[in-house]
Engineer: 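Here it is: the structure, laid out below.
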Amino acid sequence: MTSSPSDPVAILQAAFRSAIASTLGDAYREVDPLIKPSGKPEFGDFQANAAMGLAKKIGTNPRKLAEQIMQAADPLLEAIAEPLEVAGPGFINITLKSEALVEMLKGMDDESLGVITDSDPHPIVIDMCSVNVAKQMHVGHLRSTIIGDALARIFERLGRTVIKQNHLGDWGLPIAMVLHHLRESGQNLDDLDLDDLNHAYRQAQLETKADVRGLAAALEMNAGPHRIVELEEQAAGAQKALEDSKALLVELQQGDPGLLADWHKLIDCTMRSVYESLALLDVTLGPEHNCGESFYRDRLPDVIDAFTRFGLAEEDHGALVVKFDDRDRPLIIRKSDGGFLYSTTDLAAVKYRAGELGADRVIYVVDARQRDHFRDVFDAAHLIGWDQTEDGAPVELNHIAFGSVLGPDKRPLKTRSGKNITLNSLLTEAIKRGTSEVRKRAADPAAPTHGLTREELGTIGKAVGIGAIKYADLSNDLARDYIFNFDRMIAFEGNTGPYLQYAHARVCSIFAKSGLALSDIEGADLILAEPAERQLTLLLLRYGSIITDVGRTLEPHRLCTYLYEMADTFSAFYQQCPVLKAPDDALRKSRLRLCDLVRRVIADGLGLLGIDAPRQM
RNA sequence: GCCCCGGUAGCUCAGCUGGAUAGAGCAGCGGUCUUCUAAACCGCAGGUCGCAGGUUCGAGUCCUGCCCGGGGCGCCA
């Protein structure tokens, strides 16, 4: 990672590193000087906070140490910073010279926008969406898709090769159950629609689950003989349906041609609807990204062999398990009936992604309920050494354990009638709401959108509606559950997608009204006299490091917070610094150039979140 | 029973490897449109950071215990 001349933090870090080393000796060359944007403008632009921690470690006076470091750093920064100051218990406050800020701003004023790319040739695999065939895509898959897509865009922006994979649930017992049910009921699989599939899924669930537990409870609670017999018959029926489904799964897994053909029909039916939703979301994820459970079916025996060969698996009650030193829970990799499980598949997937695809990072965007599972799988992969590429690079396995989407009652989101809300209906509703907001505004003759066609307004409305959903999903800490609230997410006030889109449109509008072309301001002098101009500049200069941070932490909400702050800071600038009505031409061009940078940063940032930024709204 | 995640203003949430007086947005109150998009901006008010200990110059942040909410826990995925 090189340091960009446009990133003040990187420049200050380098200077303070050597200042610390020359104060305390070479042993301290690698300590982080803890450069942070200053909390308050009166403390300057940045602060170095390392002196206090170091003083504690060494056992010296923090303020005194800060002064020593400051004296060493001062000459190094003479060209770009005002004289440094020590404040409080040992903060070193830094104010940059305006000329230096101008140079840094020019440094980011190209396509990069200050984002430093990484040329590591290993791809990054992102496991996202993960629909279950035989089940309609619902809000649960929304987050996985939106988050995965945003991360994919961010890593591509950082210069990495990204392989998106849709790890379809297409090979387990549930799909066998549905297939069994459809065959039993004589359904014609050629004109199967999603409702048939959903119905079949639910019926199959009922058939096989009704209801061994009920029987056990009835026995335990000394229910009457009639009730027992009734439940026993039901349970026997369930057992039979389940046995049949299991048998069908075995046939399927052995490659029975007729069954395979039916299986494909089922998948096609589900995926047609999935692709519709993905198109509405503007997420590029097609058949070429499908790499589901069935893909690994021939690789499962090898997983068992390898774990057995390395002595990492042992038999327990007939099943084959991997045990860990630090937890009671084992990972079952083969059932006592010889069948494989999703843990077997997931281990095969780790091996494939790291070993064959050569990925040095695999990101699983799967909901938080699978935390324990992935912890076990990752640890098992580590035990056997599959978490490295063939060229020896260590592989980072990350599970993005995102929270649930809840309804207003804080229970998993359902319709009033208690059904799961389908993703398609949700997206359609969002687009409808977005469009109606945009139309409402366009009805005003003074609105810039007034003359637009119905179609143009529809395009903007879609961007607003979908953007609102995506932003609501990405702007919170992913680990939290979040309450789905259309009214809040589509509001134009506060930290929402539409607010940012609006801020972007306003900047565009200034430029459009200026009557100038981009080429007119390209080399314009930048004049940073007003505090608002400085604040805007300091924020613009942070863009690159924010993107790097998101790549490191996998926390897209940091980008959201940044963009919101950008819109806010721009508003302050906009209020305090006339652009088109600036007192002279030089200032006008300087401010337009600042506006242009703001516009590009917001558009780029929203783009990384998968959100469109219309030029008008 | 064990494990994991969360608990910050009335509501929804930020708070970056411990740093200066804990920040936003909604909602509430009060201002700002002949002025570059008022879908905006400015101001006021609002806090025992779940509770109790501990670590230290300094804790929302780290450690221990407890409370509340959610999730998970051997042959479903």
Side-chain angles (χ1 to χ4, degrees), chain A residues 32 34 36-40 43 47 49 52-53 55-56 61-63 87-91 93 130 132 169 171-175 177 208 293 316-321 327-337 339-343 345-346 367-373 375 401 403-404 406 410 437-438 440-441 444 446-449 464 472 475-477 479-483 485 488 491-496 498-499 501-503 505-514 545-546 549 553 555 557-558 560-561 564-565 568 571-572 574-582 591 595 616-617:
Chain A
D32 187 339
L34 298 174
K36 295 180 182 189
S38 169
K40 301 214 162 172
F43 296 142
Q47 51 184 263
N49 293 345
M52 294 170 285
K56 183 196 264 185
N61 179 295
R63 224 187 129 95
F91 299 99
N93 289 338
S130 309
N132 296 315
W171 201 241
L173 190 58
I175 196 164
M177 280 159 50
T208 51
E293 291 167 352
D316 192 344
H317 296 82
L320 197 67
V321 305
R327 74 205 74 153
D328 296 333
R329 175 185 70 235
L331 181 68
I332 302 178
I333 58 174
R334 193 184 62 205
K335 295 190 278 187
S336 51
D337 68 1
F340 305 120
L341 304 95
Y342 74 140
S343 50
T345 307
D346 281 334
D367 75 83
R369 286 174 302 187
Q370 310 233 11
R371 233 184 209 118
D372 291 346
H373 168 67
R375 186 171 172 223
S404 309
L406 307 178
K410 301 202 174 183
E437 290 292 333
V438 170
K440 205 194 296 169
R441 169 69 174 162
D444 178 356
T449 47
V464 170
S475 58
N476 286 349
D477 183 356
R480 297 178 88 105
D481 292 347
Y482 84 95
I483 296 171
N485 181 333
R488 185 179 292 137
F492 290 76
E493 304 91 33
N495 190 6
T496 68
Y499 172 81
Q501 288 171 319
Y502 177 62
R506 288 170 89 192
V507 189
C508 289
S509 169
I510 293 173
F511 210 86
K513 281 208 173 157
S514 72
S545 66
I546 291 288
D549 280 354
T553 62
E555 292 177 350
H557 78 277
R558 292 186 191 218
C560 298
T561 304
Y564 181 64
E565 215 176 314
D568 204 41
S571 287
Y574 180 81
Q575 214 70 22
Q576 288 158 37
C577 303
V579 178
L580 299 180
K581 293 171 183 170
R591 287 179 179 169
C595 286
Q616 291 178 305
M617 60 187 283

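Since this is a predicted model, take the numbers as computed values, not measurements. Here is how names work: the chains are called A, B, and so on, in the same order as the sequence lines, proteins then strands, and each is numbered from 1. Every heavy atom of this structure was used, including side-chain atoms; hydrogens, water molecules and symmetry mates were not.
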Engineer: Taking CG from Asn485(A) and P from G25(B), how many angstroms apart are they, rounded to a whole number?
Structural biologist: 19 Å
Engineer: Using a heavy-atom cut-off of under 4.0 Å over every strand shown, decide if Ala368(A) touches base, sugar-phosphate, or nothing.
Structural biologist: nothing
Engineer: Under 3.5 Å, side chain of Ser509(A) to main-chain N/O of Ala505(A), donor-acceptor pair present?
Structural biologist: no
Engineer: In terms of side-chain heavy atoms of Asp372(A), which of C3(B), C36(B), A39(B) is nearest?
Structural biologist: C3(B)
Engineer: Under 4.0 Å between any heavy atoms, over every strand shown, what does Ala401(A) touch: base, sugar-phosphate, or nothing? Just pick one.
Structural biologist: nothing
Engineer: Do Phe492(A) and Met617(A) come within less than 4.5 Å of each other through their side chains, counting heavy atoms only?
Structural biologist: yes
Engineer: Taking the side chain of Thr561(A) as heavy atoms from C-beta outward, which of G71(B), A77(B), A14(B) is closest to it?
Structural biologist: A14(B)
Engineer: Specify the glycosidic conformation (syn or anti) of C33(B), with syn defined as within 90° of 0.
Structural biologist: syn
Engineer: Could you work out the separation of C73(B) and A40(B) based on their P atoms and round it to a whole Å?
Structural biologist: 45 Å
Engineer: Let's test your reading of the pairing rules: Watson-Crick or G-U wobble, both distances under 3.5 Å, then write RNA chain B as a dot-bracket string with ( ), [ ], | and dots.
Structural biologist: (((((((..((((.....[...)))).(((((.......))))).....(((((..]....))))))))))))....
Engineer: Rounded to the Å, how far apart are Asp367(A) CG and C4(B) C1'?
Structural biologist: 13 Å
Engineer: As a test of reading the structure: which of A40(B), C36(B), A77(B) is closest to the side chain of Leu580(A), going by heavy atoms?
Structural biologist: C36(B)
Engineer: Report the distance from atom CZ of Arg327(A) to atom C1' of G1(B), rounded to the nearest whole Å.
Structural biologist: 19 Å
Engineer: For Ser509(A), which contact category applies under a 4.0 Å heavy-atom criterion: base, sugar-phosphate, or nothing?
Structural biologist: base
Engineer: Does A40(B) have Tyr502(A) stacked on its base, where the ring centres are within less than 5.5 Å and the planes differ by under 30°?
Structural biologist: no
Engineer: For the C1' atoms, the ones on A52(B) and on C67(B), what distance do you get once it is rounded to whole angstrom?
Structural biologist: 11 Å
Engineer: Under 4.0 Å, heavy atoms only, any strand: does Asn476(A) hit a base, just the sugar-phosphate, or nothing?
Structural biologist: sugar-phosphate
Engineer: Nearest of U37(B), G74(B), C76(B) to any side-chain atom of Val321(A)?
Structural biologist: G74(B)
Engineer: Using a 4.5 Å cut-off on heavy atoms from C-beta on, say whether the side chain of Tyr499(A) contacts that of Asp568(A).
Structural biologist: yes
Engineer: Using the C1' atom as the point on both nucleotides, what is the distance between C33(B) and A20(B), in whole Å?
Structural biologist: 39 Å
Engineer: Under 4.0 Å between a side-chain N or O of Lys36(A) and OP1 or OP2 of G19(B)?
Structural biologist: yes
Engineer: Of the candidate nucleotides C41(B), C4(B), U17(B), which contains the atom at the shortest distance from the side chain of Gln575(A)?
Structural biologist: C41(B)
Engineer: Atom CD of Glu293(A) to atom P of C76(B): distance rounded to whole Å?
Structural biologist: 14 Å
Engineer: Scan Ala572(A) against the nucleic acid and name what it touches under 4.0 Å (heavy atoms): base, sugar-phosphate only, or nothing.
Structural biologist: nothing
Engineer: Select one nucleotide: of U17(B), C5(B), A14(B), the one nearest the side-chain heavy atoms of Asp477(A).
Structural biologist: A14(B)
Engineer: Could you check which of C36(B), C3(B), U12(B) has an atom nearest any side-chain atom of Tyr574(A)?
Structural biologist: C36(B)
Engineer: With nearest nucleotides of RNA chain B determined for Gly39(A) and Pro330(A) from heavy-atom distances, which residue corresponds to the more 5′ nucleotide?
Structural biologist: Gly39(A)
Engineer: When you compare G6(B) with U61(B), how far apart are their C1' atoms, in angstrom units rounded to a whole number?
Structural biologist: 15 Å
Engineer: Among C13(B), C75(B), A20(B), which nucleotide has an atom closest to any side-chain atom of Tyr482(A)?
Structural biologist: C13(B)
Engineer: Heavy atoms from C-beta onward define the side chain here; which of C75(B), A24(B), C76(B) lies closest to that of Tyr564(A)?
Structural biologist: A24(B)
Engineer: On a plain distance test, is the side chain of Asp444(A) in donor-acceptor contact with the base of A38(B) below 3.5 Å?
Structural biologist: no
Engineer: At under 4.0 Å, does any side-chain N or O of Arg441(A) touch on OP1 or OP2 of A39(B)?
Structural biologist: yes
Engineer: Roughly how many Å apart are G18(B) and G60(B), using the P atom of each and rounding to a whole number?
Structural biologist: 13 Å
Engineer: Of the nucleotides A77(B), U12(B), G70(B), which has the atom closest to the Asp481(A) side chain?
Structural biologist: G70(B)
Engineer: Specify the separation, in whole Å, of atom NZ of Lys40(A) and atom P of G19(B).
Structural biologist: 16 Å
Engineer: In whole angstrom, give me the gap between the C1' atoms of G47(B) and A9(B).
Structural biologist: 6 Å
Engineer: Step by step, work out the side-chain contact (heavy atoms from CB on, under 4.5 Å) result for Lys335(A) and Phe340(A).
Structural biologist: CA-CA 6 Å; Lys335(A) 295 190 278 187; Phe340(A) 305 120; over 6 Å; no
Engineer: So, is His557(A) near the phosphate of G15(B), with a side-chain N or O under 4.0 Å from OP1 or OP2?
Structural biologist: yes
Engineer: Checking only heavy atoms, does the side chain of Lys56(A) share a donor-acceptor pair with the base of G58(B) at less than 3.5 Å?
Structural biologist: yes
Engineer: For the pair made of CD in Glu565(A) and C1' in C16(B), what is the distance, rounded to whole Å?
Structural biologist: 12 Å
Engineer: Do the side chain of Arg591(A) and the main chain of Leu580(A) share a donor and acceptor less than 3.5 angstrom apart?
Structural biologist: no
Engineer: Can you tell me how far C1' of G71(B) sits from CZ of Arg375(A), to the nearest Å?
Structural biologist: 15 Å
Engineer: Base, sugar-phosphate or nothing for Gly339(A)? Non-hydrogen atoms, less than 4.0 Å.
Structural biologist: nothing
Engineer: Please work out if Cys577(A) contacts a base, only the sugar-phosphate, or nothing of the nucleic acid, heavy-atom cut-off 4.0 Å.
Structural biologist: base
Engineer: Take atom CZ of Arg506(A) and atom P of A39(B), then tell me their distance rounded to the nearest Å.
Structural biologist: 9 Å
Engineer: So does Arg480(A) get a side-chain nitrogen or oxygen closer than 4.0 Å to the phosphate oxygens (OP1/OP2) of A14(B)?
Structural biologist: yes
Engineer: Quick one: label Asn93(A) by what it contacts on the DNA or RNA (base, sugar-phosphate, nothing), any heavy atom closer than 4.0 Å.
Structural biologist: base
Engineer: Assign Gln47(A) to base, sugar-phosphate, or nothing according to its heavy-atom contacts below 4.0 angstrom with the strands shown.
Structural biologist: base
Engineer: By the 4.0 Å heavy-atom rule, please label Ile510(A) as base, sugar-phosphate, or nothing.
Structural biologist: sugar-phosphate
Engineer: Between the base of C41(B) and the side chain of Ser571(A), is there a donor and acceptor pair under 3.5 angstrom?
Structural biologist: no
Engineer: Within a 6.0 Å radius of atom CG on Asp337(A), are there more than 12 heavy atoms belonging to other residues, nucleotides or ligands?
Structural biologist: yes
Engineer: Roughly how far apart, to the nearest Å, are G65(B) and G28(B) at atom P?
Structural biologist: 45 Å
Engineer: Let me spell it out: for each of Arg329(A) and Phe492(A), pick the nucleotide of RNA chain B with the closest heavy atom. Which residue's pick is nearer the 5' end?
Structural biologist: Phe492(A)
Engineer: For Tyr499(A) and A39(B), do the ring centres fall under 5.5 Å apart while the planes stay under 30° apart?
Structural biologist: no
Engineer: Would you classify Leu320(A) as touching base, sugar-phosphate or nothing, given that sugar-phosphate means primed atoms plus P, OP1 and OP2, and contacts are heavy atoms under 4.0 Å?
Structural biologist: nothing
Engineer: What's the gap between G7(B) and G50(B) when it is taken at their C1' atoms, as a whole Å value?
Structural biologist: 6 Å
Engineer: Kindly determine whether Phe91(A) and Leu34(A) satisfy side-chain contact (heavy atoms from CB on, under 4.5 Å), including the steps that lead there.
Structural biologist: CA-CA 10 Å; Phe91(A) 299 99; Leu34(A) 298 174; over 6 Å; no
Engineer: How far apart are the C-alpha atoms of Cys508(A) and Gln616(A), what are their side-chain angles, what is the distance that settles it, and do they pass the side-chain contact (heavy atoms from CB on, under 4.5 Å) test?
Structural biologist: CA-CA 7 Å; Cys508(A) 289; Gln616(A) 291 178 305; over 6 Å; no
